[in-house]
Number of protein chains: 4
Amino acid sequence: MQKFGVDDLRGVIAVTPTPALPGAAALTARDTVDLDESDRMIRALVADGVDGIITNGTLGEMATLTPAEWRAFAACVADAVSDTAPDLPLFVGATAPNTRDTVDRIRFLRDLGVRGVILGRPMWSELGADTLLAFYRDVAGLFPDMAIVLYDNPEAFKGPIPSAAYAELSQVPQIIGAKYIAITPKFGADMAAVGDRLRLLPLESDWLAAHTLYPETALGCWSSSALCGPEPVLALRDAIRAGDVGAARHLTRRIEWTYEPFLARTNFREFSKYNITLEKIRFDEAGYVTAGPARPPYHVVPGAYADGARENGRRWRTLVGEVRGRNS
Amino acid sequence: MQKFGVDDLRGVIAVTPTPALPGAAALTARDTVDLDESDRMIRALVADGVDGIITNGTLGEMATLTPAEWRAFAACVADAVSDTAPDLPLFVGATAPNTRDTVDRIRFLRDLGVRGVILGRPMWSELGADTLLAFYRDVAGLFPDMAIVLYDNPEAFKGPIPSAAYAELSQVPQIIGAKYIAITPKFGADMAAVGDRLRLLPLESDWLAAHTLYPETALGCWSSSALCGPEPVLALRDAIRAGDVGAARHLTRRIEWTYEPFLARTNFREFSKYNITLEKIRFDEAGYVTAGPARPPYHVVPGAYADGARENGRRWRTLVGEVRGRNS
Amino acid sequence: MQKFGVDDLRGVIAVTPTPALPGAAALTARDTVDLDESDRMIRALVADGVDGIITNGTLGEMATLTPAEWRAFAACVADAVSDTAPDLPLFVGATAPNTRDTVDRIRFLRDLGVRGVILGRPMWSELGADTLLAFYRDVAGLFPDMAIVLYDNPEAFKGPIPSAAYAELSQVPQIIGAKYIAITPKFGADMAAVGDRLRLLPLESDWLAAHTLYPETALGCWSSSALCGPEPVLALRDAIRAGDVGAARHLTRRIEWTYEPFLARTNFREFSKYNITLEKIRFDEAGYVTAGPARPPYHVVPGAYADGARENGRRWRTLVGEVRGRNS
Amino acid sequence: MQKFGVDDLRGVIAVTPTPALPGAAALTARDTVDLDESDRMIRALVADGVDGIITNGTLGEMATLTPAEWRAFAACVADAVSDTAPDLPLFVGATAPNTRDTVDRIRFLRDLGVRGVILGRPMWSELGADTLLAFYRDVAGLFPDMAIVLYDNPEAFKGPIPSAAYAELSQVPQIIGAKYIAITPKFGADMAAVGDRLRLLPLESDWLAAHTLYPETALGCWSSSALCGPEPVLALRDAIRAGDVGAARHLTRRIEWTYEPFLARTNFREFSKYNITLEKIRFDEAGYVTAGPARPPYHVVPGAYADGARENGRRWRTLVGEVRGRNS
């Protein structure tokens with residue numbers, strides 16, 4: 001029934017933007033998804049060997065696509081995956097301002113044949129711990145065959161998923177993983193809470209540390225940098241799997257080097273205000289995908305932050321070159 | 001062109017819920033708006049003499065209505081006002097996760113003949129000060145004949161509207177007011193920033209203090225308690241207008257007394273998690289409007305908070321009796 | 001036994017700096033208190049008619065005086081008051097990193113004949129609500145004849161005094177008042193909690209609003225601006241007492257005007273970092289007291305903030321002129 | 001000249017309490033340091049092989065010792081180290097409410113022959129980044145032969161040490177290390193900022209992760225758990241040095257297991273309110289040192305937190321048994 005389980009969540013899960021046509025930042029623009037580039041992006045990721053795909057989180061513009069655009073993009077992604085790698089774990093975002101709109105979105109995805117969803121919380125009002133549990137359980141209860149990855153972003157959703165909630169949610173069979181924000185003192189408690197029932201996916205640059213402590217369960221990572229070109233993250237995956245700590249460390253520190261000029265590493269709250277544009281800028285600079293303009297209102301960004309994003313994209317391109325040179 | 005200006009924003013602006021039919025808390029429920037009760041509610045407010053109406057903020061379930069429900073409620077409210085008091089300042093909520101969806105909502109309202117909107121910010125990502133300004137200016141620019149009331153709720157929208165932004169926004173002719181959250185040290189700075197160009201509307205229990213300091217401009221208030229029965233707030237208005245400080249003080253302190261058991265006064269962040277249900281509970285208890293169940297996910301509420309809301313509703317009913325007794 | 005009770009806490013309670021000799025900002029300086037100026041300052045305040053004096057809060061450099069300096073200043077102040085107005089309510093600061101050091105400080109004050117103390121909390125670790133209650137009760141229990149004014153500064157002491165704690169503390173006879181930070185939604189709850197047993201003293205510019213709502217109990221204010229020259233605050237007191245709302249409003253808004261360039265009004269957290277120097281700068285500029293340099297580490301201040309403080313001092317001087325002109 | 005440099009900061013740096021005599025929680029108690037137990041504690045740590053000692057941070061009751069008690073304890077510790085391991089890196093706390101009191105404390109330590117100090121910031125008012133830099137530089141400038149370890153505790157000192165400040169402070173020769181709070185996204189940026197000039201000491205349970213990424217510089221850790229019995233942490237050190245990742249991981253996860261019932265891991269802000277008592281409770285339960293009662297005001301603690309601390313102490317004792325069994 002349920003196509004994807006916790007064991008299907010391994011390796012590099014790429015987190016994609018929603019490519020936009022020129023002019024997409026205009027208030028009057030509609031149907032702004034660049035469907036050709038979207039299709040090409042998915043096929044490239046599949047061809048290059050990522051182990052899963054997440055769409056429509058924050059940088060994937062879940063909040064700024066019109067409903068029609070979201071549907072068009074979801075259909076495009078579903079087609080591209082079904083055409084090239086029908087068993088690849090694909091998790092399309094369905095976060096909405098309330099439960100019923102989320103239910104309608106998931107129903108649409110199911111009708112497309114999509115069997116995985118990534119799901120943040122309604123965020124107009126912060127959810128109390130009881131409300132948070134009820135929300136995820138209610139949705140899972142309606143879709144017994146849909147695999148759910150929790151989207152745990154404390155800035156977007158006004159607070160972390162508490163460790164006690166992780167323990168409860170890990171008992172729900174459909175909830176198989178979480179896009180986990182960052183290694184903090186809470187990470188160990190959350191790993192203990194979920195055991196082997198729910199995959200906590202750290203950021204790629206946290207993966208080696210997580211794997212060092214939890215080699216049995218820290219088996220995958222998420223990466224939006226993979227959309228700057230996946231080779232460095234795939235090389236990191238191979239090094240971790242091979243037990244080559246030296247190579248994994250080298251790659252991790254080179255990835256950290258690309259992040260130095262990027263606001264995300266130094267001030268996550270400030271970054272969260274400009275996240276979408278900054279990610280799209282670095283993608284465009286790196287050249288693996290043409291992400292295009294950010295949609296309003298998140299198309300405004302201070303110049304210094306934009307410069308840092310561009311430098312991050314350039315450094316990632318350099319790193320791709322290093323990895324290719326080493327592989328050849 | 002623009003029907004409502006800052007001078008139309010005076011007196012008591014009632015903030016309404018969106019009445020729900022039985023069963024509205026179910027995930028599978030659709031078309032849950034109790035349109036008969038909605039119509040009755042608006043006509044009652046008009047008949048009782050409120051000076052303006054705001055719908056679809058937080059407690060008005062902007063976030064939890066489906067798009068179809070929001071349209072049905074807006075049409076019902078617009079009809080009831082047009083039928084009874086076509087010149088009454090009416091501000092329907094149009095907050096959405098992004099600018100373009102907000103634009104579509106306002107366009108729908110304009111086609112209904114509605115000429116006022118209350119507008120919070122997209123809140124998935126916090127808006128930087130620059131983004132906030134661009135957002136409101138962009139929307140105002142598209143709708144030259146629509147009056148905009150800012151919805152300034154720092155919990156919902158992840159931060160206050162800075163005083164400097166108030167100064168800028170007060171220069172936009174369409175932006176005529178703000179539903180202001182509470183008197184804090186920032187209030188004086190914001191009053192200075194907006195001058196007589198933009199009406200800052202405090203909560204009814206803050207109105208006397210605001211009016212004492214700013215008798216020329218603090219000419220109105222917002223009140224969701226008016227939906228427990230408007231007489232006490234209307235009596236407060238009349239006392240303030242008559243310069244009867246003793247009566248205004250007495251009413252203010254009796255209103256404060258009704259709030260004592262209500263979470264809103266003692267812990268706004270915690271209240272914000274359960275706001276919608278708690279407001280609906282007290283409305284139902286007071287009996288002026290049948291608000292019905294809250295829609296998911298915000299239908300979960302701790303029992304002690306619910307008890308406090310009920311007691312608040314009972315106290316308000318008592319206060320209505322006191323005011324009627326005095327008036328007769 | 002207890003010299004001062006809640007009824008002695010009325011009118012304008014001036015909050016003083018600890019005047020410093022030239023060179024006091026040096027790490028090697030010791031015995032930096034300008035005792036002549038301290039004596040003159042106290043005698044001037046008494047002669048000009050303030051209703052009480054508070055020393056050694058944040059701007060009074062409780063944290064940055066050496067123990068010997070604090071003792072010297074306390075003795076000087078005690079002498080000057082005893083010599084000129086022995087029944088004037090005087091509250092010397094005795095906040096320390098722990099309870100026992102506070103006890104030793106209060107014992108020293110009592111031996112000087114001082115019968116009032118203003119007391120913040122130990123702040124290395126935030127006090128839980130239970131610890132906070134135990135702290136104040138324990139100290140009061142040791143000093144049955146000492147009147148205590150709570151120092152409620154949420155930035156300095158890592159959190160507000162909760163309303164429930166105010167209710168409990170108001171039952172302790174020695175605890176007669178609180179230097180209250182600012183009018184927020186919590187103010188009404190705190191007024192209800194303390195009744196007429198404990199005087200909440202708002203800032204002078206909040207006094208009119210507080211008095212409008214609570215004319216029986218909002219009978220006094222604190223003012224550090226009084227150290228820029230007390231006339232405007234004394235005139236405000238007289239207007240409030242005379243029921244002259246127009247004059248009180250005018251004075252309040254002129255005081256607000258002096259604060260416009262002062263960081264304190266617009267960003268209290270940022271202000272708290274530079275508080276001490278900024279207050280001393282405006283005092284020196286206004287010219288009523290020579291406050292002298294701030295002691296390390298709080299002698300560092302960004303230039304723009306300093307400019308704002310100077311402008312605040314100049315405006316206050318202008319306001320003193322206006323009040324004198326009106327009185328003459 | 002300067003006895004200790006960055007290269008002397010390696011291995012396990014034990015963080016000690018200040019043992020208290022029975023009755024030390026009384027407000028009237030003075031001279032409460034258990035000097036015999038203090039002497040025994042230091043000698044035991046030296047005999048058992050720790051690589052350095054830190055005293056008088058938060059749990060070491062820097063804030064709650066009277067000045068005389070602090071001096072007595074410092075002299076006792078200095079004697080015990082000088083008698084047993086005169087070259088052992090010893091860092092005595094000298095944090096005070098202001099710079100000049102800190103200077104006096106360090107001068108006292110220097111006269112005792114102590115050549116290392118651990119130094120937090122004055123915390124009545126939060127230090128701006130400029131003030132923070134000036135504070136540490138000013139102190140270092142007065143004591144050219146004293147090695148300084150920064151005490152980086154964002155709860156106690158109202159904010160983290162920013163990465164840019166770490167970069168600047170790492171250029172001061174006397175500043176050789178930092179007691180670092182926890183691995184967060186900022187850790188990589190801080191490691192890059194300080195290079196090999198300043199040793200960032202993570203908590204023992206974070207050490208393996210830090211060492212995996214930074215094997216050249218993550219050469220030591222701090223541990224207050226070592227005062228429950230140092231064997232597990234020393235075994236972890238030996239495993240890390242030997243490159244035995246399996247053993248290091250096993251020990252790290254067993255240490256995490258001891259922390260499960262301890263508030264510190266799950267809610268650091270709440271823990272910070274009760275830190276001192278909770279640490280002393282677990283030390284007393286584990287039995288390696290008799291820490292005795294906490295001094296006021298921090299002697300108040302909720303029962304459930306105390307139970308968790310006791311269980312932590314019991315688990316650590318179990319872990320000591322496991323390590324001894326393995327070693328024998």
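In what follows, chains are A, B, ... by sequence order, proteins preceding strands, each numbered from 1. Just so it is clear, the model here is predicted, and its values are computed rather than measured. FYI, side chains are in, hydrogens and waters are out, and symmetry mates aren't considered; it's all heavy atoms of this structure.
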Subject >> Residues of residues 181-189 of chain D contacting chain A, heavy-atom criterion under 4.5 Å, by residue number >> reply: D/Ala182, D/Ile183, D/Thr184, D/Pro185
Original post:
Which pairs with one or both residues in residues 206-219 of chain A pass side chain to side chain donor-acceptor pair (under 3.5 Å), sequence neighbours excluded?
Top reply: A/Glu216-D/Arg253
Original post:
In residues 236-246 of chain A, which residues are in contact with chain D at a heavy-atom separation under 4.5 Å?
Top reply: A/Val245
**OP:** Scan for side chain to side chain donor-acceptor pair (under 3.5 Å) pairs involving residues 153-165 of chain A, sequence neighbours excluded, and state none if there are none.
**Re:** A/Tyr151-A/Asn153, A/Ser163-A/Asp190
**OP:** Supply the atom-to-atom distance A/Glu256 CD to D/Met191 CE, rounded to the nearest 0.5 angstrom.
**Re:** 11.0 Å
